[in-house]
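Heads up, the thing below is written out as structure tokens.
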Amino acid sequence: MSALPHTLPHFRRMRAMDLDCIAIQEASAYDFPWTRGNFKDALDAGYDCWLMLVGSQIIGHAVVLFAASEAHLLNLTVAPDWQRRGYGRILLQHLINEAKPHKSELMLLEVRPSNVGALQLYSTFGFDQIGLRRNYYPVRGGAHEDAWVLSLVLIDPLAGAR
Ligand SMILES: CC(C)(COP(=O)(O)OP(=O)(O)OC[C@H]1O[C@@H](n2cnc3c(N)ncnc32)[C@H](O)[C@@H]1OP(=O)(O)O)[C@@H](O)C(=O)NCCC(=O)NCCS
């Protein structure tokens, strides 16, 4: 497991004034990024939208939808220049911590099977594959790629909170 980064990040909630910056960061990290409008919709809908910062620089963002007893992780992104330094792990742990007051029993997410780095990250947290959505994601050239649905137990009724 990678050591903690030398410079620890802090977190704050996303605001409308951040949307232009987030859309640029998102576009730098994905072939098929969320749009500025997607993030605005998430903010307007009251989803948990987080920024991770080092100093005043935004280096990551994430969106979680809490519904019923589940925390659905919709977006988890570290800016490319800041990847592989331990920040993705810190951002994901922050989201898990934030799910506790919601008493979410599960964290759910979709991921491309080709996204080896993300899969490795989720695996180190103990996420398990619980499903598959066929032809869920677009890929370059017009074809589609399946999504794996992963789940992490946050509250085990037998063992207490994670
Ligand atoms: C996935 C993502 C959030 C990981 O963030 P990160 O800051 O690079 O991750 P970390 O440095 O905290 O890495 C934690 C662990 O994840 C795994 N990991 C992360 N990136 C990896 C890669 N490219 N290849 C292999 N393993 C990787 C490793 O196990 C790593 O631990 P290690 O450094 O001890 O080997 C980041 O790569 C990202 O934003 N990618 C683009 C957007 C994306 O795909 N988001 C996920 C959508 S489901």
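For the numbers below, each heavy atom of this structure counts, side chains included, while hydrogens, waters and symmetry mates do not. Counting convention: from 1, in listed order, for ligands and their atoms alike.
- Heavy-atom proximity to atom 40 (N) of ligand 1, evaluated over Q83, E26, Q93, R85, is greatest for Q83.
- For the atom pair L119 CG and F127 CZ, the distance stands at 11.0 Å (nearest 0.5 Å).
- Residue R112 does not touch ligand 1, judged by heavy-atom distances below 4.0 Å.
- Applying the 4.0 Å criterion to heavy atoms of G86 picks out, from ligand 1, the atoms 10 (P), 11 (O), 12 (O).
- Distances between N or O atoms of A118 and those of ligand 1 include no value under 3.5 Å.
- At a heavy-atom cutoff of 4.0 Å, ligand 1 is contacted by no atom of F125, backbone or side chain.
- The aromatic rings of F66 and H102 sit parallel, their planes meeting at an angle under 30°, below the 60° perpendicular limit.
- Among G88, S123, G60, the residue whose heavy atom lies nearest to atom 7 (O) of ligand 1 is G88.
- Ligand 1 has at least one atom lying under 4.0 Å from a heavy atom of E110.
- For H10, the NE2 atom is densely surrounded, since the number of other residues' heavy atoms within 6.0 Å is greater than 12.
- Residue N115 places a heavy atom less than 4.0 Å from ligand 1.
- With ligand atoms numbered from 1 in the order given, ligand 1 contributes 41 (C) to contacts under 4.0 Å with heavy atoms of A29.
- Taking the six-membered ring for Trp and thresholds of 30 and 60 degrees, F39 and W34 have ring planes inclined between 30 and 60 degrees apart.
- Heavy-atom proximity to R89, at under 4.0 Å, picks out these atoms of ligand 1: 12 (O), 14 (C), 15 (C), 30 (C), 31 (O), 32 (P), 34 (O).
- A salt bridge links R36 to D20: one of the charged nitrogens lies within less than 4.0 Å of a carboxylate oxygen.
- Using a 3.5 Å distance cut-off with no hydrogens or angles, the side chains of E26 and N75 do pair a donor with an acceptor.
- Taking the six-membered ring where the residue is Trp, the centroids of W50 and H94 are separated by under 6.0 Å.
- Around atom 22 (C) of ligand 1, the closest heavy atom drawn from R84, H61, Q25, Q120 belongs to R84.
- In summary, the atoms of ligand 1 found under 4.0 Å from a heavy atom of T77, numbered by their order in the structure, are 39 (O).
- Salt bridge status for R13 with D18: absent, with no side-chain N to carboxylate O gap under 4.0 Å.
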